[in-house]
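Numbered from 1 within each chain, the chains take letters A, B, ... in sequence-line order.
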Amino acid sequence: MSDTEERIEQTEGETAENSPILHIDNFDGPLDLLWELIKKAKIDITEITISTITEQYLGYLKLMEKLNVRVATDFIRMASELLFYKSCALLPAAQIEDEYFVPPLPPELVQKLLEFKKFQTASRRLLEEFEAHANRYARENIYEDIIEIDDFGEVSLFDLLKAFADVMESRKDIEEKEIVFDEILVSDRIEHVRRMLEERDVLHFPEIFSAKPSRMEIVVTFMAILELAKTRVVKLLQHKIFGTIRIMKYVHVQ
Amino acid sequence: MATIQDDVEEMNDPESGQDDGQRDDVSISGLLEAVLFLSNEPVPLAFFVNSFSIDPTQAKILLDSLIDEYEDRDGGIKLQEIAKGYQFVTSPRHADQLRRVIGVKKREGMSKNMMETLAIIAYKQPIVMAEIEELRGVACRTMVVKLMERSLVKPVGRKELPGRPLAYGTTNEFLRYFGLNKLSDLPKLSEIKEFSLDWEG
Amino acid sequence: MATIQDDVEEMNDPESGQDDGQRDDVSISGLLEAVLFLSNEPVPLAFFVNSFSIDPTQAKILLDSLIDEYEDRDGGIKLQEIAKGYQFVTSPRHADQLRRVIGVKKREGMSKNMMETLAIIAYKQPIVMAEIEELRGVACRTMVVKLMERSLVKPVGRKELPGRPLAYGTTNEFLRYFGLNKLSDLPKLSEIKEFSLDWEG
């Protein structure tokens with residue numbers, strides 16, 4: 001989810017000729033960044049080593065950190081993957097008697113990158129189709145008896161679930177009544193969260209559940225949070241870095 | 001069917017003798033045709049003149065030759081000039097057949113009401129009418145009947161409640177429609193988390 | 001009712017639209033064309049076959065020659081085969097002017113992220129969230145939700161994997177958006193064998 005990140009330029013790495021100028025918002029994710037780094041080092045493809053790439057990758061992340069750019073967890077996960085590959089390659093067992101031998105990229109990583117690139121390329125071609133077809137307009141007959149070809153238009157499971165969620169959302173009073181049956185009340189959960197917020201300003205989403213929450217408890221707690229957010233008692237924050245949702249006391253400004 | 005092209009070729013003097021900045025007739029004619037095609041109302045001559053800065057006489061000539069072209073071709077659609085402007089219509093010859101097909105095929109899409117009723121029945125089955133109506137807060141009988149007509153919903157028994165009301169559930173057709181193998185494959189309410197918990201404070 | 005033109009004399013005789021003998025190609029072709037004109041959605045071949053008892057091969061030939069006819073004529077409208085059906089659309093060359101003059105909306109664009117997620121789902125369907133994320137190397141939930149909201153993607157069932165996760169696939173709307181007639185018309189995935197093959201600047 002790097003698309004919302006700020007744009008930065010790499011100003012360090014004064015390695016003259018091909019000092020990379022990379023924009024964080026240009027990268028869809030770690031694979032994209034990795035691909036770009038490998039591309040930068042193209043002097044000789046066969047000489048790309050796992051350690052060079054790992055160093056460059058880590059250097060890049062460090063730079064982002066230095067410039068206060070938020071780094072998504074996905075990038076960090078890839079960093080640890082690279083370090084793992086690198087350490088594997090350095091294990092004595094993997095060493096060959098040649099002192100000039102440099103461990104290449106592991107085949108599984110190469111495979112992953114090629115797969116990624118395959119779809120990135122395909123998506124570019126699809127985008128062209130998309131744009132070409134966005135320029136064709138069909139009639140919109142406002143004729144009352146329009147011929148309906150498909151009985152329902154297209155209705156998916158997503159629509160069905162959404163419809164159900166809408167009903168549940170708009171009829172919360174009734175939902176509560178049903179919940180009595182399961183002996184978990186939305187109002188209880190609201191109280192529970194409020195009490196926790198008296199002690200601390202910020203809660204992490206998983207903390208508000210019991211150790212092994214039932215499905216009903218999750219749903220009800222979820223609804224309680226929704227209610228609290230709606231009535232502006234809490235504010236929900238989700239930092240992309242951590243991914244967990246955090247519940248904060250709402251501070252009324254005016 | 002071959003007759004269409006004749007007119008066009010006469011006008012089509014591609015690129016060769018064009019004045020500077022002058023769009024050729026073929027391209028303007030296509031533009032007028034596209035506008036007429038998309039419009040549900042008759043389009044007055046003045047509209048074309050004002051929108052595309054075309055000379056009224058030129059516009060009239062182009063439109064009239066479009067009328068002739070569709071007339072000569074004698075297909076399913078005609079361009080006609082009526083008091084208020086120009087409009088594409090279907091050929092009168094097909095009116096009855098069109099009406100017959102439209103009459104038979106006229107179907108409502110799945111409305112929000114119907115969708116909600118179906119969702120409640122799917123997730124809460126077996127469920128009686130009163131319970132559906134309580135959840136939705138409105139009368140649902142018509143919706144349930146419509147859903148039954150489409151074989152998505154059926155009575156599945158009676159509930160041990162006063163009056164032993166009919167309880168409703170979904171059909172095999174419902175499963176087929178949504179590509180489910182079995183009812184338990186329905187997305188769970190808890191999976192809503194997956195869908196809607198991604199907003200920021 | 002604006003676009004179906006009645007022939008006044010024929011109005012009183014409801015049978016006149018159908019003669020019992022064999023209808024000639026020209027007349028059927030006109031009928032198909034009229035139906036296509038009145039439909040907002042791509043019309044599948046089966047609709048013509050079932051509604052007018054036309055032989056499928058004949059219908060296909062007539063429709064294809066209509067496509068050719070409009071193609072050769074190269075005017076403001078084209079007939080295209082899309083999303084498992086046939087549909088009249090305006091020629092892309094007039095898009096800008098149509099937007100400006102009659103205010104047809106420009107389709108909302110697609111971000112690179114969204115497009116890549118969609119490509120993976122399109123080629124690998126049915127595919128579960130974890131597989132999409134594995135391929136892209138990033139969290140994709142938000143993208144999938146956005147794609148579902150734009151009706152390009154939908155859950156299509158569950159996979160027999162631990163937790164029976166939802167599997168996603170593309171919709172008919174997807175086909176329409178990308179000008180595809182059917183899923184197998186997707187451009188072939190070109191295998192990328194080496195890094196060096198794809199160095200672009």
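- Proximity to chain B is absent for every atom of V144(C), based on heavy atoms less than 4.5 angstrom apart.
- With rounding to the nearest 0.5 Å, the separation of CG in L31(C) from CG in L98(B) is 6.0 Å.
- What you find for D185(B) and R158(C) is that their closest heavy atoms are O-NE, 2.7 Å.
- Residues H94(C) and A34(B) share a closest heavy-atom pair of CD2-CB, 4.2 Å.
- The CD atom of E33(C) lies 9.5 Å from the OG atom of S91(B); values are rounded to the nearest 0.5 Å.
- Between the side chain of R93(B) and the backbone N or O of G30(C), no donor-acceptor pair lies under 3.5 Å.
- Using a 4.5 Å cut-off on side-chain heavy atoms (C-beta onward), I102(C) and F47(B) make contact.
- Separating the OG atom in S51(C) from the CD atom in Q97(B) is a distance of 10.5 Å, to the nearest 0.5 Å.
- Annotation for T90(C) and F37(B): closest pair CG2-CD2, 3.7 Å, computed over non-hydrogen atoms.
- Each salt bridge (charged side-chain N to carboxylate O under 4.0 Å, His left out) pair with one or both residues in residues 48-63 of chain B, not counting sequence neighbours, appears once here: K60(B)-D64(B), K60(B)-E81(B).
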Practice prompt. Go through the steps to decide whether R73(B) and E69(C) satisfy the test side chain to side chain contact (heavy atoms under 4.5 Å, CB included), and finish with yes or no.
Written response: CA-CA 11 Å; R73(B) 181 174 169 275; E69(C) 191 184 336; 2.5 Å; yes

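- Within 6.0 Å of the NZ atom in K106(C), the count of heavy atoms belonging to other residues, nucleotides or ligands does not exceed 12.
- Only the side chain of L38(B) comes within contact range of chain C, with at least one heavy atom under 4.5 Å from a heavy atom of that chain.
- With sequence neighbours left out, the salt bridge (charged side-chain N to carboxylate O under 4.0 Å, His left out) criterion links E133(C) to no other residue.
- Within a 6.0 Å radius of CZ in R107(C), more than 12 heavy atoms belonging to other residues, nucleotides or ligands are found.
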